Amino acid sequence: MGVFERQKQREPRWLGPTAPSRMALIPSISAARWLLILIAAAGIYFFYGFLIPVLAAAVIGFATWPLYSDLVRRTGGNTTLAASIAIAFIVTFLVLPIVLSAVYMSGEVRIWFGWAVHVNRDGAPPPEWILALPVIGSWLGEQWTQYIGSPGSIGELAQLVSGAHIGNIYRAVLAAGGGAFHVILTLLFMLIALFFIYRDGSRFVGQVDLLGERILPNRWERISRVVPATISSTVMGMTLIAIGEGVILGLAYWIAGAPSPVTLGVLTGIMALIPGGAPLSMSLVSIYLIASGSLWAGIALFVWGTVELFIVDKTLRPKLVGGPIKLPFLPTFFGLVGGVKTMGFLGLFIGPVLMAIIVAIWREWIREAELTEEQHAQEPELQLKIRDSSEG
């Protein structure tokens, strides 16, 4: 080491003189992992308001990436043009229908809550179609009179269930209807994030793979394969089918003459995220139509809904659901409820996806533990065979 190099080592830096380090207090890999965790936690804390639309954009990007890759090939590898075309398709066939449905549904829900406030103030006798139901009609009429029909009953029931007075709930519904501007800004930010995910997704995935192999060197290869396939499978198999069933059955409700068909269609789509939810919703609407006097409309709705749901479950769903995981009922329900409670409307789609990822990673770890146990169990047998062959 020359004189110049020794003088350079002794030169003071910004925080004072430095001395050559002999041993690191924290290994470089562990320090890098903890630094990344701290940076990620700080980013989530400071940018939490943008996390939901970015997460929604990432889910949509993962689910539609095979279609987008084909679009990139058709545009000659121009990712900017392909991303613009993909965003235009998503706005036309996904965002606009959802926004229009939300606008119509808000009007119908306000009518429902207005009726509830009126009945809570003055009371109302049980409807004739409830009393006309066979076997349980009289019992349901008594329950209606006790919990709904008498003045103040709906307010007591609402306060028992939600802890809030019915007037406060009604004002909250009106305020939610006025928050459309916030929803539009959220959708706009989601589309902007989705554009950059499409355009720069390949390069970003390469960087994530590089970091993932450093953080989880033994598991990243499997997780990086399972997670995209799980997201695509969950979104295609649950979300798109739920939206389709909500639209088709909502149109059927409108043709059959059911009240508030848009709201009932949206509720059916939400229930379709839960196994068995769509048939239950369709059956309840059919029973209402039959009991209210529209006998043939109720029967036709039930027959059409049964045929449509059978075709979807037996033909379309197996083709769309091709991923490595199929969520059972309980994780699906927890993902749906937790997503709505945490993220609002977008949680309907993000919650089941996150739950599917958790279940997929859990199953991968269980599979790895089982393989390890099998290898340990086979080691004595292999050693015995090797010893027998050596003695022979």
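Predicted model, so just to flag it, every value in this text is computed and none were measured.
For Trp304, the side-chain contact (heavy atoms from CB on, under 4.5 Å) partners are Ile248, Ala252, Glu308, not counting sequence neighbours.
A donor-acceptor pair under 3.5 Å is formed between the side chain of Asn78 and the backbone N or O of Leu81. Side-chain atoms of Ser294 never come within 3.5 Å of backbone atoms of Ile290 as a donor-acceptor pair (strictly under, hydrogens ignored).
Among residues at least two apart or in separate chains, side-chain hydrogen bond (donor to acceptor under 3.5 Å, both in side chains) pairs with a member in residues 261-272 are Glu108-Thr263, Tyr253-Thr268. Judged as a salt bridge (Lys or Arg N to Asp or Glu O under 4.0 Å), the pairs with a partner in residues 241-269 (not counting sequence neighbours) are, in order, Glu245-Arg317.
Ile366 and Ile358 fall into different hydrophobic clusters, where Ile, Leu, Val, Met, Phe, Trp and Tyr residues are linked whenever their side-chain heavy atoms come under 4.5 Å apart, directly or through other members. A continuous path of Ile, Leu, Val, Met, Phe, Trp and Tyr side chains, each step under 4.5 Å between heavy atoms, connects Leu295 with Val303, placing both in one hydrophobic cluster. A continuous path of Ile, Leu, Val, Met, Phe, Trp and Tyr side chains, each step under 4.5 Å between heavy atoms, connects Ile243 with Ile270, placing both in one hydrophobic cluster. At a threshold of 4.5 Å between side-chain heavy atoms, the hydrophobic network of Ile, Leu, Val, Met, Phe, Trp and Tyr places Val307 and Ile287 in two separate groups. The same ILVMFWY cluster, assembled from side-chain heavy atoms under 4.5 Å apart, contains both Tyr288 and Trp139.
Scanning both residues, Gly61 and Leu194, for their nearest heavy atoms gives N-CD1, 3.8 Å. Residues Leu267 and Ser281 share a closest heavy-atom pair of O-OG, 4.5 Å. Summarising the geometry of Phe302 relative to Ser283, their closest heavy-atom pair is CE1-OG, 3.7 Å, with the distance given to 0.1 Å. Closest non-hydrogen pair, Ala193 versus Ala57, comes out as CB-CB, 3.9 Å. Here the shortest heavy-atom pairing between Leu264 and Ala258 reads CD1-CB, 4.2 Å. For the residue pair Pro261 and Gly250, the shortest heavy atom distance occurs at CB-O, 3.9 Å.
Distance check, rounded to the nearest 0.5 Å: OG1 of Thr92 to CD1 of Ile87 gives 11.0 Å. Note that CG of Leu249 and CG of Leu301 are 7.5 Å apart. Values are rounded to the nearest 0.5 Å. Once rounded to the nearest 0.5 Å, the distance linking CD of Gln143 with OG of Ser138 reads 10.0 Å. Atom CZ of Phe196 is separated from atom CZ of Arg199 by 5.0 Å, given to the nearest 0.5 angstrom.
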Apply side chain to side chain donor-acceptor pair (under 3.5 Å) to the pair Tyr198 and Thr64, showing each step before the final yes or no. CA-CA 10 Å; Tyr198 279 144; Thr64 58; 2.5 Å; yes

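Taking the six-membered ring for Trp, Tyr68 and Trp65 have ring centres closer than 6.0 Å.
Applying the side-chain contact (heavy atoms from CB on, under 4.5 Å) test between Met190 and each of Ile90, Val54, Ile60 identifies Ile60 as the sole match.
At a threshold of 4.5 Å between non-hydrogen side-chain atoms, the residues Phe89 and Leu71 do not count as touching.
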